[in-house]
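As a basis for the values below, the full set of heavy atoms in this structure was taken, side chains included, without hydrogen atoms, waters or symmetry mates. Letters A, B, ... mirror the listed sequences (proteins, then strands); counts begin at 1.
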2 protein chains.
Amino acid sequence: MMEQPLRKSFFNDPMFPFEMVYRDRKSPQHELPEHLHDRYELVYIYEGRGTFLLNHNFYDMSEGDLFVIPGNTIHRAFPDTEVPVLSTALFFSPSLVRIPSLGDTHFILSSFEWARKRRKYKVNIPEALRGTFMSIIEQIKMELEDRKSGYKHAICLQLQFLLLQLNRLMSQVQSETEDPVHSVPQWMQSLLLFIDLHHTENDLCLTTLSKRASVSTSHLSRAFKQYTGISVIDYVNAKRIANTKEMLLTSDSSLEIIAQKCGFESLSHFHRLFKLLTGVTPGAYRRGNQLFKG
Amino acid sequence: MMEQPLRKSFFNDPMFPFEMVYRDRKSPQHELPEHLHDRYELVYIYEGRGTFLLNHNFYDMSEGDLFVIPGNTIHRAFPDTEVPVLSTALFFSPSLVRIPSLGDTHFILSSFEWARKRRKYKVNIPEALRGTFMSIIEQIKMELEDRKSGYKHAICLQLQFLLLQLNRLMSQVQSETEDPVHSVPQWMQSLLLFIDLHHTENDLCLTTLSKRASVSTSHLSRAFKQYTGISVIDYVNAKRIANTKEMLLTSDSSLEIIAQKCGFESLSHFHRLFKLLTGVTPGAYRRGNQLFKG
């Protein structure tokens, strides 16, 4: 059974859903499925080392890396114990950067779309551009501290600048290949990919997965927790709930159909788990987000 | 009788109502009442000298001056013949910088509101800030030239940055006093102010005004044209039409009432003049702008 979700104090101001964790050395960045949120996240790495789990991929973290993390993406950073990463994280709701159409084909959140579609969440900022990114972060920090008239607007502008730079950069590096991380066993990486592709099937239990990975259930449990920070079942459930959130907003299917399509045994199980991980019921989530549409 | 309005090629793209006249030395900036438009304008002076007529005030132009000109404001720049001003003008529709509320008390167009209310349209940018303003202009120019993905969005962001800086600056200098320009005769300045206050009265003819100014009608005609670039009657009519535009959007009064309140002898005269100066009928103007509201 999943533990009670840890509520974080993000986004208390519905008019200004933004938060920054500035130049943080100690705490590992993580968004484990205790709480699946719709906010988007950017993590910039100044220095240090570590590993970042994002969906089924592990990424090395090093200087100049920027992680682009759409809402409802399971992720966790594991800082190196000797040289832990120094990073700044920005959290925001997509509503914050929505602007009227300019007749442009450009979409300000395209980096996040691209990350989600290609399942590539890391971009290494070229050295010549790192100054720009760091300076935007400094400007945001200054605005947050000074709170001069219009500081919220100023932060929105800086954030949009950062996203625009990022979009232009990512459209250049789209063809680059990603180096896989070697410190994670191959069977574990394959298993995460397998879960990513098959979490909508309702027989995805520990036994099935351990057979698939050709390891014992106890070894799977232990190793999974070691590499991802959470249990197999919590991970699978979080994947499923993330999936239902998307379906709730993009389809008109009934809750029962959605629960079934996303691999839940019963509507009541889906309902309970959704409430636990998101803080609201599936129906309320659908209604609330439709209100903000358009 | 007023001449046929000269149509300018601004704002052909309704999704991106923006234009820049970059580092222009020769042509005097002017928006004479041939065409009363709703677009807002910023004029930054790099160097040179001249005089700027804005509503009933004449302003000296010199290095570092920024003119803040709301829509429908009669204005004209008279560059010095020996050392003409070098300036950049930005034109935009207020719709371009409208953003969702952030629960902020800050209003991005407050400089224009302030200029309109206090009838002070000039601010001298402190030397320490001029670099910021000029660099924003350079960024806009670069975006316009390169036309990279998202350049329209980038220009909107730069424009908003400029406005934000300007708002913060103007809130500091609000108490500063303005030096009157001595090269324009006192009676002319008084007359412009008188027209500004009394243009809604329908007996504001050349005879009334020349009596008011204690000069002959022929001297008034000549001098008025010399200092403002247009005839007295055109000036009064432009003032009246600017006034009706505001009333059309802010009141529910009938066209007849508005024509009467703004000093027109008849509805048909108002209708004809409105069409001539704005390109649309009063009714179409009201409907068109209400469509874009909210």
Side-chain angles (χ1 to χ4, degrees), chain A residues 11-18 92-111 113-114 129 132 135-136 139-140 142-144 146-172 174 292-294, chain B residues 11-18 92-111 113-114 132 135-136 139-140 142-144 146-174 292-294:
Chain A
F11 290 23
N12 285 334
D13 178 356
M15 305 290 264
F16 186 60
F18 177 84
F92 64 96
S93 156
S95 64
L96 204 60
V97 295
R98 223 164 258 159
I99 57 153
S101 168
L102 301 168
D104 219 336
T105 53
H106 178 255
F107 174 55
I108 192 67
L109 290 169
S110 60
S111 301
E113 256 188 6
W114 183 74
L129 263 178
T132 306
S135 136
I136 292 176
Q139 291 289 329
I140 293 177
M142 204 185 67
E143 292 286 351
L144 278 174
D146 295 354
R147 300 195 170 226
K148 281 189 205 164
S149 166
Y151 76 96
K152 292 180 182 178
H153 193 146
I155 290 168
C156 279
L157 295 179
Q158 294 288 1
L159 181 60
Q160 287 177 68
F161 258 120
L162 195 156
L163 293 172
L164 192 66
Q165 298 291 344
L166 180 61
N167 293 344
R168 286 176 175 176
L169 176 63
M170 284 182 97
S171 68
Q172 287 166 8
Q174 281 196 21
F292 288 107
K293 268 192 182 172
Chain B
F11 290 23
N12 285 334
D13 179 356
M15 304 291 263
F16 185 60
F18 176 84
F92 64 96
S93 156
S95 64
L96 204 60
V97 295
R98 224 164 258 156
I99 58 154
S101 169
L102 300 168
D104 219 338
T105 54
H106 179 255
F107 173 55
I108 192 68
L109 291 168
S110 60
S111 302
E113 254 187 8
W114 182 75
T132 306
S135 136
I136 291 176
Q139 292 290 327
I140 292 177
M142 205 185 67
E143 293 286 352
L144 278 175
D146 295 355
R147 299 195 171 227
K148 280 189 205 164
S149 166
Y151 76 97
K152 292 180 182 179
H153 193 145
I155 290 168
C156 280
L157 296 179
Q158 294 288 1
L159 181 60
Q160 287 176 68
F161 259 119
L162 196 156
L163 293 172
L164 193 66
Q165 298 291 342
L166 180 60
N167 293 344
R168 286 175 176 176
L169 176 64
M170 284 183 97
S171 68
Q172 286 165 8
V173 299
Q174 281 197 19
F292 288 107
K293 270 190 182 172

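- There is no contact between A/Gln165 and chain B, counting heavy-atom distances below 4.5 Å.
- Annotation for B/Leu164 and A/Ala154: closest pair CD2-CB, 3.3 Å, computed over non-hydrogen atoms.
- Each of A/Val97, A/Ile108, A/Asn167 was evaluated against B/His153; a single residue qualifies, A/Ile108, per the side chain to side chain contact (heavy atoms under 4.5 Å, CB included) test.
- In this structure the side chain of B/Phe161 reaches within 4.5 angstrom of the side chain of A/Gln158, judged on heavy atoms.
- Neither the backbone nor the side chain of A/Phe107 comes within less than 4.5 Å of any heavy atom in chain B.
- Nearest heavy atoms, B/Ser149 versus A/His106: OG-CD2, 3.4 Å.
- To the nearest 0.5 angstrom, A/Asp146 atom CG is 8.0 Å from B/Arg168 atom CZ.
- Contact annotation for A/Leu157: both backbone and side-chain heavy atoms come within less than 4.5 Å of a heavy atom of chain B.
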